[in-house]
Amino acid sequence: LTKATIISVLHARAEHTALISPYPTPQRWRGTSAFNFMIQEINDMDVKRSINTRMWSDKWFEDLTPSQKLLWIYLLTNQMTNMLGVYEISLRKISFETGLNNETITKAFEGFERDRKAFYTDGFVVLTNWLKNQSLNTNMKVSALTTFDLLPKTLKDRLKIKASEG
């Protein structure tokens, strides 16, 4: 089974059963959004992320504060990342896992958005150049498209507006 196949199956199950399953729902998924429910099943698999070492000599990255660098690396490598580079995560979880306070995180996101690197909206992180910096095979492309299909309509609309702004 590939990750893309699993996403397709979960997507179909969500559409046709409204997330009603004959199997008991694990306690940790109760109260989460349908998007997070399906993505969490996939994220339970071990996923490895590589970071290009050229990042350390990138002018933009060099100019970041240590806190911003930590947040940036976290955004690229945390458990919620996916093939699309758009994922749901709370500021509380980011704060807990990085040790950064909400003010530092919010301020960093303002800078990332100003630099058109990433933004945080409605509980979702959007890494604007994620797909451009990936070497995607067919399954990965299907996974990215499927993940996009699962996004809330309001977020898709916001992404379209952001794309049209450049």
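Because the structure is a prediction, the values reported are computed rather than measured. Starting from 1, each residue takes its place in the sequence as its number.
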Asks: Given 3.5 Å as the limit, does a donor-acceptor pair link the side chain of Tyr74 with the main chain of Lys69, or not?
Replies: no

Asks: Within the distance-only criterion (no hydrogens, no angle test), does the side chain of Asn82 pair as donor or acceptor with the backbone N or O of Gly85 below 3.5 angstrom?
Replies: yes

Asks: Between Trp56 and Phe112, is there a shared hydrophobic cluster once you connect ILVMFWY residues whose side-chain heavy atoms come closer than 4.5 Å?
Replies: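 Yes, because Trp56 and Phe112 connect within a single hydrophobic cluster, where side-chain heavy atoms sit under 4.5 Å apart.
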
Asks: Going hydrophobic residue to hydrophobic residue with side-chain gaps under 4.5 angstrom, can you get from Ile73 over to Trp60?
Replies: yes

Asks: Suppose we screen for salt bridge (charged side-chain N to carboxylate O under 4.0 Å, His left out). Which residues come up paired with Asp115, at least two apart in sequence or across chains?
Replies: none

Asks: Output yes when a side-chain donor or acceptor of Thr106 lies under 3.5 Å from a complementary backbone atom of Asn102, and no otherwise.
Replies: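 Yes; at least one donor-acceptor contact below 3.5 Å.
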
Asks: From Asn78 CG over to Ile89 CD1, what is the distance, rounded to the nearest 0.5 angstrom?
Replies: 4.0 Å

Asks: Could you list the residues that satisfy salt bridge (charged side-chain N to carboxylate O under 4.0 Å, His left out) with Lys93, not counting sequence neighbours?
Replies: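 Expected list: Glu97.
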
Asks: Backbone N or O of Met55 within a donor-acceptor pair of the Asn52 side chain at under 3.5 Å?
Replies: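 No.
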
Asks: Is the shortest distance from a Lys or Arg side-chain nitrogen in Arg158 or Glu113 to a carboxylate oxygen in the other one below 4.0 Å?
Replies: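 Looking at Glu113 together with Arg158, the answer is yes, because their closest N to O distance falls below 4.0 Å.
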
Asks: If the condition is side chain to side chain donor-acceptor pair (under 3.5 Å), which residues does Asp58 pass it with, not counting sequence neighbours?
Replies: none

Asks: Heavy-atom count check: over 12 atoms from other residues, nucleotides or ligands less than 6.0 Å from Glu62 CD?
Replies: yes

Asks: For Met83 and Ser143, work out which heavy atoms get closest and say how close.
Replies: CG-OG, 3.6 Å

Asks: Please check this pair: side chain of Tyr87 against backbone of Leu75, looking for a donor-acceptor N/O pair closer than 3.5 Å.
Replies: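 Between the backbone of Leu75 and the side chain of Tyr87 there is a qualifying donor-acceptor contact (under 3.5 Å).
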
Asks: Mind checking what makes side chain to side chain donor-acceptor pair (under 3.5 Å) contact with Thr65, not counting sequence neighbours?
Replies: Gln68

Asks: What pairs with Phe119 under ring-ring contact (aromatic ring centres under 6.0 Å, His included), at least two apart in sequence or on another chain?
Replies: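 ring-ring contact (aromatic ring centres under 6.0 Å, His included) check on Phe119 returns nothing, list empty.
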
Asks: Hey, do the aromatic rings of Phe109 and Trp72 have their centres closer than 6.0 Å?
Replies: no

Asks: Using the salt bridge (charged side-chain N to carboxylate O under 4.0 Å, His left out) criterion, which residues pair with Lys153? Sequence neighbours excluded.
Replies: Asp157

